[in-house]
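Some notes on the structure that comes next.
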Amino acid sequence: MTLRLTNTLTRTTETFIPLKDREVSIYCCGVTVYDLCHLGHARSYIVWDVLRRYLMWQGYRVTFVQNFTDIDDKILQRAASEGSSMDAVSERNIEAFFTDMDALNILRADRMPRATRCLDGIRALIGDLEQRGAAYSADGDVYFAVMKAPGYGKLSGRDLAEQQGGASGRTADVEEARKRHPFDFALWKGAKPGEPSFPSPWGAGRPGWHIECSAMVRAELGDTIDIHLGGADLIFPHHENEIAQSEAASGKPLARYWLHNGMVNVGGEKMSKSLGNFTTIRALLESGVSPMTLRLFVLQAHYRKPLDFTAAALEAAATGWKGLGGALAVGRSQQGLLGWSESAAGSGAALPEELAASRRRFVAAMDDDLNTAAALGELFELARPLRALANRLQRGDLPSEADRVLGGRWRLLVELAEVLGLQPDQPRPLTAPGSSSAEANLAGCTAPQALHDGAIETMVAERKAAKANRDFATADRLRDELREQGIELVDKPGGITVWLRG
RNA sequence: GGCGGCAUGGCCAAGUGGUAAGGCAGAGGAUUGCAAAUCCUUUACCCCCAGUUCGAAUCUGGGUGCCGCCUCCA
């Protein structure tokens with residue numbers, strides 16, 4: 001079993017072989033911190049989080065580096081429009097980034113360099129490129145000369161000669177006039193009056209967009225890394241230019257595998273800040289969508305395909321998560337009844353054949369270019385009896401002998417779900433600080449209490465009396481009233497009614 | 001115009017040569033006063049046309065439709 005990944009560079013799916021045995025270096029293009037992250041970012045970082053988790057689960061030592069672009073025109077605009085500073089805008093959005101990503105259970109990168117703190121490396125890299133004749137300065141700007149990069153266009157499938165005509169007529173501004181080739185791009189931009197700037201051998205200014213990633217990769221991970229990640233919209237020009245810069249400086253390949261995730265669409269169109277059709281992660285979570293629902297929604301599609309964001313699809317994911325999450329939680333929330341231990345399922349040696357086969361199918365799906373949709377299918381299969389069990393227990397049934405045997409299945413489910421970053425939702429804060437979570441969940445009273453137990457019991461008793469008189473209108477009214485308060489009633493054989501808080 | 005991708009049931013979505021995973025929604029039955037939950041059963045001529053093959057959703061050619069990149073973008 002070996003992991004195969006689709007490499008944009010070769011346009012084929014290749015067996016993944018890291019540079020060093022059992023070690024993987026990954027660089028993931030991060031965000032420009034001028035605003036909150038939207039669902040496009042969520043998808044990208046969820047998918048790459050799963051790649052990372054899967055590699056770790058497979059025993060690789062992973063070093064994961066992700067940058068913050070905190071020097072940028074849009075940040076400056078934002079700062080100007082709100083009368084604050086570039087630093088203030090960046091700082092605020094970096095904090096927001098962590099809040100959102102933590103909520104989505106995305107593991108934090110091992111290192112998160114910021115452009116403003118990597119200026120030495122950036123200047124050094126530009127200097128190297130200048131020395132090698134791949135960079136030239138013009139009126140305070142420094143540009144990369146794409147004609148000096150023989151392989152330019154290899155990632156995005158572009159041919160410099162063919163593209164030249166089309167590109168040159170497009171923009172006829174001052175910057176274009178300074179360039180020797182229309183595809184040449186800024187390594188260093190001379191400061192404009194009033195802008196924050198940093199000193200450099202070419203005058204005060206700031207780095208171009210692409211150079212920071214090249215400099216960070218070199219500083220954090222070396223000349224050649226195993227995997228470089230990003231959204232498909234970064235293939236050109238960003239990643240193409242990164243390759244050109246880094247490889248011109250080092251003479252070595254920048255990354256062995258280039259992986260790109262598909263876009264999130266809204267109504268068939270790409271979600272992007274410039275189109276204004278975006279939903280922020282924060283807004284979505286605040287609207288009551290659980291982080292795990294979003295994760296499930298993202299992982300139900302293959303990472304390279306476009307993903308259409310619709311209310312209906314999200315609702316389906318929410319319902320799906322309700323079942324899967326319930327199955328994941330059952331071992332812990334009903335531990336008192338089931339007595340299952342949480343120790344890891346291990347490598348599978350001791351698993352019964354049915355579970356071992358399930359695990360193999362999960363691995364095969366993930367090995368196949370991270371087929372998380374198929375992997376999730378396996379999780380749902382595993383979860384089915386557990387979900388049913390969870391529902392029965394929650395409604396007051398007692399587990400049967402057949403149920404108790406499901407412990408191994410539960411542990412495997414938890415282990416595999418963890419690879420996808422899927423964890424049971426955090427229980428809401430307990431009102432009684434002294435009680436253990438297991439007891440609280442058993443009693444079904446983790447939520448803040450709108451109605452006291454006594455009041456509920458009274459209504460339940462009234463309903464029982466109404467039912468006895470075959471006054472079903474009253475009985476149903478009482479049930480509806482309780483439902484409005486989030487109390488669900490379950491009639492069981494023998495005239496017993498149990499209730500639980502939703 | 002150049003480069004790349006996608007088209008599978010009511011919706012979402014796997015499957016890339018041997019008679020179609022999974023999720024959501026729906027239907028029938030058991031159970032229930034009715035619900036909910038649970039259990040059983042059930043729902044696809046894989047965009048079109050031609051070809052290769054014993055056999056194609058899966059390969060080839062053509063067509064149609066949709067999307068992304070080529071400008072900041074996850």
Side-chain angles (χ1 to χ4, degrees), chain A residues 8 11 13 28-32 34 37-48 66 69 72-74 153 155-159 162-163 165-167 170-171 183 209 229-238 240 260-265 268-275 278 296-297 299-302 304-308 310 312-324 361 365 368 371-381 383-385 387-397 466-468 470-473 475-476 479-480 483 488-493 498 500:
Chain A
T8 307
R11 270 155 227 123
T13 304
C28 178
C29 274
V31 285
T32 302
Y34 71 98
C37 289
H38 58 65
L39 264 24
H41 301 107
R43 179 189 198 185
S44 188
Y45 300 140
I46 285 171
V47 158
W48 303 138
Q66 182 173 22
T69 299
D72 172 84
D73 286 337
K74 293 205 188 82
L155 183 71
S156 56
R158 255 153 261 259
D159 181 350
E162 262 179 32
Q163 302 276 314
R170 199 162 39 235
T171 46
F183 274 18
W209 175 34
L229 304 172
D233 52 352
L234 297 182
I235 295 171
F236 189 90
H238 185 53
E240 194 70 73
H260 293 97
N261 64 274
M263 300 292 98
V264 172
N265 290 171
E269 272 198 324
K270 174 182 166 181
M271 176 179 290
S272 76
K273 292 185 184 176
S274 47
L275 288 175
F278 63 90
L296 187 65
F297 170 67
L299 296 176
Q300 271 186 312
H302 185 87
R304 280 187 293 106
K305 285 196 183 182
L307 174 62
D308 212 30
T310 63
L314 201 67
E315 245 175 74
T319 317
W321 172 246
K322 216 175 127 194
L324 189 55
R361 285 192 295 269
D368 180 19
N371 189 344
T372 53
L376 273 170
E378 210 47 54
L379 257 53
F380 275 104
E381 294 277 9
R384 191 173 297 139
R387 181 176 45 182
L389 173 64
N391 280 322
R392 276 184 278 115
L393 295 186
Q394 203 192 12
R395 272 145 232 279
D397 289 1
K467 277 174 68 179
R470 303 196 70 79
D471 177 7
F472 297 122
D476 290 350
R479 183 169 62 196
D480 289 344
R483 184 176 291 146
E488 202 182 339
L489 299 188
V490 183
D491 291 337
K492 295 165 61 83
V498 299
L500 47 112

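A, B, ... follow the sequence lines: proteins, then strands. Residue 1 opens every chain.
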What integer number of Å spans the C1' atoms of B/rA7 and B/rC49? 16 Å
Please work out which of the three classes, parallel, tilted or perpendicular, describes the rings of A/Tyr45 and A/His41, given edges at 30° and 60°. parallel
According to the Watson-Crick and G-U wobble definitions, with both distances under 3.5 Å, which nucleotide is paired to B/rU64? B/rA7
A/Trp321 has an atom CH2; how far is it from atom P of B/rC24, in whole Å? 13 Å
Whole-Å distance, A/Leu314 CG to B/rA13 P, equals 13 Å
Which value, in whole Å, describes the distance between the C1' atoms of nucleotides B/rA37 and B/rC67? 42 Å
Over all strands shown, is A/Gly231 touching base, sugar-phosphate only, or nothing at heavy-atom distances under 4.0 angstrom? sugar-phosphate
Name the nucleic acid region contacted by A/Ala313, choosing base, sugar-phosphate or nothing; use a 4.0 angstrom heavy-atom cut-off, strictly under. nothing
Give A/Arg395 one of three labels, base, sugar-phosphate or nothing, depending on what nucleic acid heavy atoms sit under 4.0 Å from its own. sugar-phosphate
Identified pairing partner of B/rU58, criterion: Watson-Crick or G-U wobble below 3.5 Å: none
Going by centres under 5.5 angstrom and planes under 30 degrees, do the aromatic ring of A/Phe472 and the base ring of B/rG33 stack? yes
Taking the same atom, P, in B/rG62 and in B/rA25, what whole-Å distance lies between them? 43 Å
NZ of A/Lys305 versus C1' of B/rA13: gap in Å, rounded? 8 Å
Between P of B/rG23 and NE2 of A/His302, the distance in whole Å: 21 Å
Looking only at the side chain of A/His41 (C-beta and beyond, no hydrogens), which of the listed nucleotides B/rG22, B/rA74, B/rC24 gets closest? B/rA74
Separation of the P atoms in B/rU71 and B/rA57, to the nearest angstrom: 41 Å
A/Leu307 CG to B/rG5 C1', in whole Å, measures 15 Å
Quick one: label A/Glu381 by what it contacts on the DNA or RNA (base, sugar-phosphate, nothing), any heavy atom closer than 4.0 Å. sugar-phosphate
Inter-nucleotide C1' distance (B/rA27, B/rG10), Å rounded: 13 Å
Contact class for A/Ser274 (heavy atom, under 4.0 Å): base, sugar-phosphate, or nothing? base
A/Arg387 CZ to B/rC24 C1', in whole Å, measures 11 Å
Should B/rA20 form a Watson-Crick or G-U wobble pair with both distances under 3.5 Å, which nucleotide is its partner? none
For B/rA35, take OP1 and OP2 only and decide whether either is under 4.0 Å from a side-chain N or O of A/Arg483. no
Short side-chain N/O contact from A/Asn265 to OP1 or OP2 of B/rG68, under 4.0 Å: no
For the pair made of CZ in A/Arg304 and P in B/rC69, what is the distance, rounded to whole Å? 17 Å
Using a 4.0 Å heavy-atom cut-off, does A/Tyr45 contact any base of the nucleic acid, only the sugar-phosphate backbone, or nothing at all? sugar-phosphate
Would you classify A/Ala388 as touching base, sugar-phosphate or nothing, given that sugar-phosphate means primed atoms plus P, OP1 and OP2, and contacts are heavy atoms under 4.0 Å? sugar-phosphate
Taken in chain and number order and not counting sequence neighbours, the residues that satisfy ring pair (Phe, Tyr, Trp, His ring centres under 6.0 Å) with A/Phe236 are A/Phe183
Could you tell me whether the side chain of A/Asp233 reaches within less than 4.5 Å of the side chain of A/Lys270, counting heavy atoms only? yes
Roughly how many Å is it from CG in A/Asn391 to C1' in B/rU31, rounded to a whole number? 16 Å
Select base, sugar-phosphate, or nothing to describe what A/Ser156 touches, counting heavy atoms under 4.0 Å on all strands. sugar-phosphate
Is A/Asn261 touching bases, backbone alone, or none of the nucleic acid, heavy atoms closer than 4.0 Å? base
Interatomic distance at C1', B/rC24 relative to B/rG9, whole Å: 13 Å
